[in-house]
Structure formats: C-alpha cells, structure tokens
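See structure below.
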Amino acid sequence: MKLAHRLLLQSLAIVAVMVVSVVVIIDNQLHSSITQQAIQDLAGEARFLATQWKPGVDPDSLADQAGVATGHRITLIDSTGQVVGDSEFDGPALQGLENHSNRPEVVEARKSGIGSVRRMSPSTGEEQLYVAVKAPRGVARVSVTTKTVEELFARARSGVLVAGLISFLLAAILAALFSRSVSRPITDLRDVARSLAAGERKRHPALAAPGEVGDLADAVHRLAEQLEARLSALTAEQSILSALVETLNEGVMAISPSHEVVRINDTGRRLLSIHRPIPFGIDFLPREATLRNAISLALSGTETEPEEVVIGETTLSLTARPLVGGGAVVALFDLTPIRKLEAVRRDFVANVSHELRTPLTIIGGFAETLQDRDVPAEMRAEFAKTIFNNTQRMQRIVDELLDLSRIETGHWKPRPESIPITDVAAEVFGRVAAAANEKSIALDKTIEPGGETIYADRTALEQILLNLIENAIRHTGTGGRISIQTKREGGGVSLAVDDTGSGIPPEHLPRIFERFYRADSGRSREAGGTGLGLAIVRHLVEAHGGNVSAESVVGVGTTIRIFFPDGAAAAQS
C-alpha cells in the first residue's frame with residue numbers, strides 16, 4: 001500500500017474516531033439538555049397552573065382547560081394525595097384514580113418544591129415524564145409522554161449527525177490533501193534514493209518540500225552531489241588503474257576469499273589461455289601443481305617467492321601475495337622470450353665454436369705437419385694452401401658475423417637510391433663467373449617492365465645478390481641455370497633469384513634464414529659456405545623495409561624472393 005493511502009486511511013480513522021466521539025458526547029449532552037429543558041417547561045406550566053388553582057375554582061375544569069391549552073396531561077392533587085382534577089379523566093374515572101401521595105414526583109415536590117420522574121403511567125400504559133410543583137392547595141402536576149421528548153431529541157440528533165458527516169467529509173478532503181503533500185516529497189525522496197542505489201547519479205530531489213521533509217530533501221540532494229563527485233573520482237581512478245594493469249607486460253590476477261578470480265588482465269588471460277568472463281572459480285585455472293600450490297598458500301596468508309613454472313609451451317615466473325582482508329593476487333611474468341634468447345645464445349656459441357673448430361683443427365694439424373722437415377716440398381705447398389683456404393674461411397665467418405652485428409645493433413643504415421638492376425646483376429655475374437664456368441652453370445636475368453630499377457643501398461644490394469648467387473652456385477649441379485628476375489609488384493619491385501639446384505626439404509624452409517642453419521650441413525661446409533649468408537640477406541632486406549621468402553622443391557630447385565618497397569614506402573617503414 002502506498003504511503004499516501006496509508007496516511008489517508010490513518011487520518012480518516014483518527015477523524016472518524018474524533019467525529020464519533022464528538023457525536024456521542026454531544027448526543028448525551030443534547031439528550032440531557034432537551035430533557036432538562038422539557039422539565040423546566042413543564043415546571044413553568046405547573047407553576048402557572050398552581051397560581052390559577054384558587055379557592056372557588058373547580059380543579060377538574062381547570063385541569064381540562066389547561067390540558068386543552070397546553071396539549072399536556074394536567075393533574076391537580078390535593079394535600080391528601082387525592083386527584084381532584086385531571087385533563088384526561090372525568091367523573092367516575094377521576095374518582096377511580098388511586099391516591100398519589102406516594103408518587104415519587106409528588107413526594108419530591110412536597111419536599112423541595114419541584115419533582116420530576118420518568119416512568120410508566122399505570123393509568124395510560126405509556127412512559128411519561130412527570131413534573132410536579134408544590135401548590136398552595138396541593139400539588140400541580142404536568143406530564144407528557146417521553147415519545148414527544150424523544151421525537152424532539154431525534155430531530156436534534158439528526159442535525160448533529162448531519163453536521164458530523166459534513167465535518168467528516170471536510171476532514172477527509174483535508175486529510176487527502178495533507179497525505180498527498182506529505183507523501184509526494186517522501187515518495188520523490190524514495191525514488192531518488194532508489195535511483196542513486198541503481199547508479200543513476202544525475203537525479204536529484206526537489207527542494208520545495210516544507211519543514212523537516214524539505215530539510216531531508218536538502219540533505220539527500222547534498223548526499224547525491226557528494227556521491228556523484230566521489231563516484232566520478234572513483235571511476236576515474238578505476239579507469240587509470242585498469243589502464244595501468246592492462247598495459248603491464250606481466251599477467252595480474254586477483255582472487256577473492258571465496259576462491260573466485262575477480263580480476264585478470266589481458267596478458268594474464270593470454271599466458272594462462274583463459275577466455276571465461278569474470279568472476280569464475282579457480283578450478284578453471286590450469287591444473288599445474290606449482291600454480292595451485294602458490295594460490296593456496298597466498299589464500300591462507302603465506303607469501304610465496306618467485307617460482308618458475310611451465311604451462312603449455314610458456315615458461316612463467318610466478319609470484320603470489322596475500323591481500324589484506326582475504327584473497328590473493330598472482331603475478332605472472334613471461335620468461336619464454338628470455339629462455340628462447342638464452343637458447344639462441346647457446347646455439348650461437350655452439351655454432352660459432354663448431355664452425356671455427358673445423359678450420360682451426362685443419363690449420364693446427366697441417367701446421368704441426370709442416371714442422372717436420374722430412375715433408376716433401378710439393379706437400380708443403382699443398383698444406384700451406386689448405387691452411388690459407390681455412391684461414392680465409394675463418395676470416396669470412398668473422399667478417400660476416402661483424403656485418404650481422406653491425407646491422408642488428410643499428411650501427412649500419414642503408415642509403416637507398418634508384419639503382420638499375422642490370423648494372424648490379426652484371427657486376428655480380430662478373431664476380432662469380434669463374435665459379436659458374438667451372439660447373440658450366442648458365443647465368444641470366446629477366447627484367448619485366450617496371451622492374452628496371454630498385455630503390456636500395458647499392459652496396460647492400462650487391463651483397464644480397466652476391467650471397468644469393470654464390471649460395472645457388474654451391475647447391476646447383478653441373479649444367480644448371482641461375483637467373484635473376486624482377487617485376488613491378490604493389491608498391492615496389494619484387495626480385496627473385498631462381499636456381500635449378502638440389503632444393504631444400506619443406507621442413508627446413510622456415511629456418512634457412514637463421515644464422516648457421518644448414519639444410520645439409522656437411523655438403524655446405526664442403527662447398528665453402530659459412531651458414532651466415534641467408535641470415536645477412538634477411539637483415540639487409542628488412543633494413544630496407546622489405547621482406548624475403550623462400551620456395552623450393554627437392555630435386556627441382558629453389559627460388560629466393562625479395563620485395564623492395566619504393567622510396568615513400570621504404571621511408572615510412
């Protein structure tokens with residue numbers, strides 16, 4: 001039930017009780033007043049009758065005349081109690097009336113001068129109101145049926161009831177207006193409070209309410225303003241905190257005391273492969289013993305030291321801390337790149353050691369042999385040539401490592417310009433002509449329209465082509481063919497070096513641009529390769545903003561495809 005209805009019903013109940021109480025009181029007082037007034041009127045008539053009852057006056061005739069004049073029953077009683085006159089009885093009937101000396105009103109009138117009583121009349125059989133006054137010759141009594149008095153009282157009561165009903169209706173209207181005036185601001189305050197609780201901070205209460213309700217509305221208004229300001233500050237702080245947490249390279253996860261994950265950033269989701277919306281139970285986290293144990297200890301209030309854990313293919317550093325008031329926070333740092341870098345470093349050291357160990361062993365062995373004076377001169381010359389060749393090979397390895405280091409550390413920057421590919425191809429073909437002629441390998445080029453010039457550093461372009469063609473010569477058999485092809489493609493020029501060599505197995509293609517990686521390590525070393533040429537090619541191409549890829553079919557040949565962007569694209573990259 002609404003407040004206005006409750007106030008109205010309560011007000012109407014109070015008004016009804018008050019109206020009924022007033023009507024009852026007035027009814028009682030009115031009944032008493034009407035009765036007293038009737039007694040006084042009847043007493044006046046009796047006194048007047050007493051003055052008219054004189055010697056020589058026939059009392060019965062006087063009673064009859066007075067009864068006709070007043071419309072009331074008139075009774076004259078002598079000093080002995082005998083009825084000597086009555087307006088309703090004559091002759092024998094009058095003589096048959098019993099003695100009235102013991103009538104209460106007569107007894108009272110003789111004592112105090114006036115007496116009144118309500119009782120049934122034995123002569124008429126109706127309830128009568130008797131009023132008697134003391135007269136010089138006896139007692140004069142006037143009576144009237146109570147029905148007359150009750151009719152007068154009923155008319156007066158009707159007026160009182162009508163007045164009470166009108167008062168009740170007026171009070172009901174006033175109560176309705178009052179209940180609305182009181183309930184409306186309270187209802188408004190209730191709606192405002194509900195809106196504030198639901199997060200609708202822009203709604204404020206009206207300030208026009210009277211009295212204490214107005215004071216309450218003003219207090220709620222100030223509360224809404226302060227709540228809006230604090231929530232805005234909290235929202236801004238929460239936004240900053242969320243942005244900060246989401247930008248962390250570490251995975252962060254908050255767990256409630258009820259063992260639910262209530263906060264996790266994108267890095268944490270990625271590291272743990274979690275895609276469920278929060279909150280969710282910790283049972284949905286990876287079932288890794290170290291992770292579960294760290295979370296259990298943190299939830300029990302024990303701080304854990306950083307531990308290394310492997311989840312899937314990811315190596316993580318895990319730290320768990322308990323929160324004040326219960327719960328825990330878990331931090332996850334991805335160690336996979338570091339571990340991969342360490343593996344690359346170990347592989348690099350091992351590869352360099354392996355690449356240098358063979359020529360060093362050969363040089364050491366032949367140098368030791370040359371110390372023997374019994375070695376023939378022609379063998380000394382062959383040993384010296386072998387030592388020289390292996391020394392050159394080590395020199396190439398060191399030089400190419402220095403080139404890679406210079407490129408990777410940014411100490412070398414390309415100076416691109418528009419270079420005719422024909423000139424560079426002729427220069428490279430001239431430098432490898434002897435090796436190609438030795439194996440009867442044909443060298444050619446195909447330049448499509450739009451592919452005549454490449455925007456690149458000339459020295460770098462020459463080194464790229466030289467490395468690719470030398471590599472192709474090493475892996476192409478006698479009578480093979482190597483070609484350079486260029487064409488306009490997208491926002492640059494695509495350059496391809498195609499050979500008819502032995503090809504590269506598919507499982508090796510993704511790694512051929514790594515340092516010291518060889519699809520056929522024994523054959524590559526025998527052919528004089530260092531294992532760094534394709535790695536240098538990749539870094540030089542990427543320094544120009546381009547990209548390099550390889551296609552190969554075993555026994556058919558290999559194509560190394562390079563894309564050089566035009567000047568504007570290269571500058572943006």
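The analysis underlying the following values was restricted to heavy atoms, covering all of them including side chains, and did not include hydrogens, waters or symmetry mates.
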For the residue pair [X] and [Y], establish whether any side-chain heavy-atom pair is separated by less than 4.5 Å.
X	Y	value
Leu285	Ile274	yes
His475	Ile504	no
Glu417	Ile419	yes
Ile473	Val432	yes
Leu316	Leu335	no
Ile282	Glu260	no
Val262	Ile278	no
Ile311	Leu271	no

Calculate, to the nearest 0.5 Å, the distance between atoms [atom1] and [atom2] belonging to [X] and [Y] respectively.
X	Y	atom1	atom2	answer
Glu470	Ile482	CD	CD1	10.5 Å
Ile363	Leu370	CD1	CG	11.5 Å
Ser317	Asp334	OG	CG	10.5 Å
Leu466	Thr459	CG	OG1	12.0 Å
Leu332	Glu250	CG	CD	8.5 Å
Asp423	Glu462	CG	CD	9.5 Å

Pair Ile464, Phe564 - check side chain to side chain contact (heavy atoms under 4.5 Å, CB included), show working. CA-CA 12 Å; Ile464 290 170; Phe564 287 96; 3.9 Å; yes
Residues Asp499, Arg474; criterion salt bridge (charged side-chain N to carboxylate O under 4.0 Å, His left out); working and verdict: CA-CA 11 Å; Asp499 66 54; Arg474 282 192 293 270; over 6 Å; no
Determine, for [X] against [Y], whether the closest basic-nitrogen to carboxylate-oxygen distance falls under 4.0 angstrom.
X	Y	answer
Arg339	Glu308	yes
Arg481	Asp498	yes
Arg561	Glu551	yes

Derivation and outcome, side chain to side chain contact (heavy atoms under 4.5 Å, CB included), residues Ile387 and Thr391: CA-CA 6 Å; Ile387 291 173; Thr391 302; 4.1 Å; yes
Step by step, would you call Val554 with Ser502 a side chain to side chain contact (heavy atoms under 4.5 Å, CB included)? CA-CA 6 Å; Val554 176; Ser502 58; over 6 Å; no
Of all pairs that satisfy side-chain hydrogen bond (donor to acceptor under 3.5 Å, both in side chains), the ones with a partner from residues 268-278, not counting sequence neighbours: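 As it turns out, there is no side-chain hydrogen bond (donor to acceptor under 3.5 Å, both in side chains) pair with a partner in residues 268-278 once direct neighbours are skipped.
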Steps toward side chain to side chain contact (heavy atoms under 4.5 Å, CB included) verdict (Thr290, Leu318): CA-CA 9 Å; Thr290 305; Leu318 168 67; 4.3 Å; yes
Residues that Gln485 engages under side chain to side chain donor-acceptor pair (under 3.5 Å), provided they are two or more places apart: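 By the side chain to side chain donor-acceptor pair (under 3.5 Å) rule, Gln485 matches Ser483.
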Test of understanding: with ring-ring contact (aromatic ring centres under 6.0 Å, His included), list the residues that count as partners of Phe383, not counting sequence neighbours. Phe366
Heavy-atom pair of closest approach, residues [X] and [Y]:
X	Y	result
Ala320	Ala294	CB-O, 3.6 Å
Thr559	Ala496	CG2-CB, 4.0 Å
Ile338	Phe333	CD1-CE2, 3.9 Å
Ala550	Ile512	CB-CD1, 3.5 Å

For the backbone of [Y] and the side chain of [X], can you confirm whether one donor and one acceptor N or O come within less than 3.5 Å of each other?
X	Y	answer
His544	Asp457	yes
Thr302	Ala298	no
Thr267	Gly251	no

CZ of Arg292: more than 12 outside heavy atoms within 6.0 angstrom? yes
Does a sphere of radius 6.0 Å around CZ in Phe388 hold more than 12 heavy atoms from other residues, nucleotides or ligands, not counting ones at 6.0 Å or beyond? no
